Amino acid sequence: MKVKCESCGDLFPKERFDLGFKICLACSEKLTPRYLGRRVFSGKNDSSLEIFRQDIESAKLRIQKENRKGLAK
């Protein structure tokens, strides 16, 4: 049996609906906000998580730039 997506109207499996989802997988990938995170070490064993919530593409470029060898920080 299939259930109608509340967002686009396409049909998706009832098993997904039974798990509590009301939209299809394609719509959930479009509508779900994406985040980027990385571990930041402040000591040998001490670390924290830095989360980028906006402008993920520029954050990726910044991380790549910081991780290049030979760059002074």
Side-chain angles (χ1 to χ4, degrees):
M1 184 176 175
K2 301 261 183 173
V3 181
K4 191 181 239 186
C5 174
E6 289 183 357
S7 179
C8 67
D10 286 347
L11 297 177
F12 66 93
K14 186 178 181 316
E15 291 83 12
R16 181 172 170 80
F17 181 79
D18 292 340
L19 291 172
F21 297 100
K22 296 181 181 178
I23 58 175
C24 65
L25 189 59
C27 289
S28 69
E29 289 179 357
K30 287 187 276 185
L31 300 174
T32 304
R34 300 291 174 193
Y35 301 112
L36 178 68
R38 70 172 175 171
R39 290 180 73 178
V40 179
F41 293 93
S42 57
K44 185 174 180 181
N45 295 322
D46 188 25
S47 68
S48 60
L49 184 62
E50 182 178 11
I51 299 174
F52 301 96
R53 296 174 193 248
Q54 298 172 343
D55 202 11
I56 294 175
E57 291 305 315
S58 66
K60 285 181 185 179
L61 292 174
R62 191 178 100 198
I63 292 169
Q64 289 173 354
K65 189 176 181 181
E66 289 175 0
N67 289 336
R68 288 184 198 156
K69 293 187 181 201
L71 264 180
K73 293 184 181 182

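Values below: all heavy atoms of this structure, side chains included; hydrogens, waters and symmetry mates excluded. Quantities reported herein were computed from a predicted structural model and do not represent experimental measurements.
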For the atom pair CD (Gln64) and NZ (Lys60), what is the distance rounded to the nearest 0.5 Å? 8.5 Å
Distance from Arg38 atom CZ to Ser48 atom OG, nearest 0.5 Å? 9.5 Å
Which heavy atom of Phe21 sits nearest a heavy atom of Phe12, and at what distance? O-CZ, 3.9 Å
Working to the nearest 0.5 angstrom, can you tell me the gap between Lys14 NZ and Leu19 CG? 10.0 Å
Do you know the tightest heavy-atom contact between Arg34 and Glu29? NH2-O, 3.3 Å
Before you tell me yes or no, could you show the steps for Lys30 and Cys8 under side chain to side chain contact (heavy atoms under 4.5 Å, CB included), namely the whole-Å CA-CA distance, both residues' side-chain angles and the distance that decides it to 0.1 Å? CA-CA 11 Å; Lys30 287 187 276 185; Cys8 67; 5.9 Å; no
Of all heavy-atom pairs between Lys2 and Leu11, which one has the smallest distance, and what is that distance? CB-CB, 3.8 Å
Compare every heavy atom of Arg16 with every heavy atom of Leu25, then report the nearest pair and how far apart it is. N-NE, 3.7 Å
Do you know which two heavy atoms are closest between Ala59 and Leu36, and how far apart they sit? CB-CD2, 4.0 Å
Got a sec: does the CZ of Phe17 have more than 12 other heavy atoms crowding it under 6.0 Å? no
Heavy atoms of Ser47 and Arg39 approach each other most closely as OG-NH2, 3.0 Å
Do the side chains of Tyr35 and Leu49 join up, straight or via other hydrophobic residues, at under 4.5 Å, putting them in one cluster? yes
